[in-house]
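Just so we're clear, the structure is a prediction, and the values are computed from it rather than from any experiment. Position 1 is the first residue of the sequence, and the numbers go up from there.
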Amino acid sequence: MTTYYTADYILPVTSPAIKGGVVALDEKGLIIGVYPSSDPQLQDKELIRYDGVLIPGFVNGHCHLELSHMRGKVPTSTGLPKFLSTVMSERGASQEDITQAMIKADQDMYAKGIQVVGDHVNTAVSAAVKAESPICYHTFVELIGFDPAVADERVDQARDTEYEFEPQRTSITPHAAYSCSKKLLRSLSDKVDTKNIFSIHNQESDEENKFFRYKQGAFLDFYKENNISHEHVMANGKNALQNSIQFLPEENRVVLVHNTYTAPKDMDYVTRIGRDVYYCLCPKANLYIEGRLPKVQNFVLSKQKLMIGTDSLASNDTLDILEELKTIHDEFTDLSLETTIAWATINGATALRLEDKYGSLEVGKAPGLLLIKDLDGLSLTAQASVQRIV
């Protein structure tokens, strides 16, 4: 059975908005057709009508589901090093509490229209929740090890964790430049194939850049407080981005996450070395931790590939992509909804190599179907909300 849905507008994402358009789905959610309202094939069809804009399901490009039990446990505006210390000291909880928090977070994300999630893990604790979820997860198993002596051990541990998740949708990735030694990055490079996607926390704080350029700043206190050896690192005048990406194999795709302090010269560097890079923005988490947003207009002007994430409930009060878009539009009012919806759908799906099924309203895909209500035409409002249709 085919069902035909129509609204004020349809945003297929990979093609222009269709005023009064119609999207047809079969009983399994597969798109059979996308039509203008005048298409003669619709003459005898019964249409289900909505007020608002129909779009594909959202892609949450960056999340930490296993930290869902930490909602409200970390103070805001602490800066990144203090935030990290608090997460490390406060993340302990019973298995039951962690599991129930993950189940609720997963259900809430699906209800808010999220169809795909790029999720970071340190353990296999989320595997069972993901296996039962209607959401498609790509799991990034994080490597953390700033002491060169533990490099090989940490890579082997990550490979063991990787086996607990669906093999075709799992990658091993460095956590961040400030948490991974050069030896660890090189060890990882020797043990992954070209299909492995890296997803790295990048320049979330300017303290990262200060540490690598001058070996100064708040990360020195962070390492001391947490008994982390850093004597092997010398000030080299290069920022955090250069101290991570240059040690990873050239053929692999990289998602750079946060980018709060990523400057045009950083983007130029990535372009110059020819890397396949997507930049994932997590605006509400950036405000929660650092009280600052990335300079989004710089990414737009240089035509970078952008995607949207929520980060975790340790650094956010909700896992809601529409709320992330509202945060961006509040600050950068010249952006169009069509532009940012692409960041929140097809760009994320493509970055995760899932664009054959998700991210746009195209025949042959099953990306979910959402209704964005209470818009001003095709402009986002503070009152806008999302309703899952399929």
Which distance, rounded to the nearest 0.5 Å, do you find between the OG1 of T327 and the CG of L322? 9.5 Å
Would you say K305 has more than 12 foreign heavy atoms packed within less than 6.0 Å of its NZ? yes
Can you confirm whether the side chains of K365 and S360 place a donor and an acceptor under 3.5 Å from each other? yes
Just wondering, more than 12 heavy atoms not from K45 lying within 6.0 Å of its NZ? yes
Compute whether any side-chain donor of one residue and acceptor of the other, for E96 and S94, lie under 3.5 angstrom apart. no
If you apply the rule side chain to side chain donor-acceptor pair (under 3.5 Å), what do you find for N236 with Q242, and how did you get there? CA-CA 10 Å; N236 59 25; Q242 292 169 292; over 6 Å; no
Verify, without hydrogens or angle tests, whether R353 (side chain) and K195 (backbone) share a donor-acceptor contact under 3.5 angstrom. yes
Nearest heavy-atom approach of I114 to L319 is CD1-O, 3.6 Å
Is there a donor-acceptor contact under 3.5 Å linking the side chains of R388 and Q115? yes
Which word best sums up how the rings of H62 and H64 line up, parallel for under 30°, tilted for 30 to 60°, or perpendicular for over 60°? perpendicular
Evaluate side chain to side chain contact (heavy atoms under 4.5 Å, CB included) for S199 paired with V257, printing each intermediate quantity in order. CA-CA 7 Å; S199 180; V257 183; 3.5 Å; yes
So, T310 and N316: side-chain donor and acceptor under 3.5 Å apart, yes or no? no
Among E162, R169, K130, E164, find the residue that satisfies the side chain to side chain donor-acceptor pair (under 3.5 Å) test when tested with T139. K130
Step-by-step side chain to side chain donor-acceptor pair (under 3.5 Å) determination, H258 to D311: CA-CA 9 Å; H258 291 299; D311 210 346; 3.2 Å; yes
Residues, nucleotides or ligands: over 12 heavy atoms within 6.0 Å of K191 NZ: yes
Exactly one of Y214, Y178, F146, F212 should register a ring-ring contact (aromatic ring centres under 6.0 Å, His included) with F219. Which one does? Y178
Report, as yes or no, whether the 6.0 Å neighbourhood of atom CD on E250 holds more than 12 heavy atoms from other residues, nucleotides or ligands. no
Between E290 and S205, do the side chains contain an N or O donor and an N or O acceptor separated by less than 3.5 Å? yes
Stepwise side chain to side chain donor-acceptor pair (under 3.5 Å) test for D374 and T381: CA-CA 7 Å; D374 299 318; T381 67; over 6 Å; no
Would you tell me whether N196 and D193 have side-chain atoms, one donor and one acceptor, within less than 3.5 Å of each other? no
Classify the side-chain pair H329/T340 by whether it contains a donor and acceptor separated by less than 3.5 Å. yes
Donor on one side chain, acceptor on other, S302 and Q304, under 3.5 Å: yes
Using ring-ring contact (aromatic ring centres under 6.0 Å, His included) as the criterion, point out the one residue from Y279, W343, F332 that pairs with F299. Y279
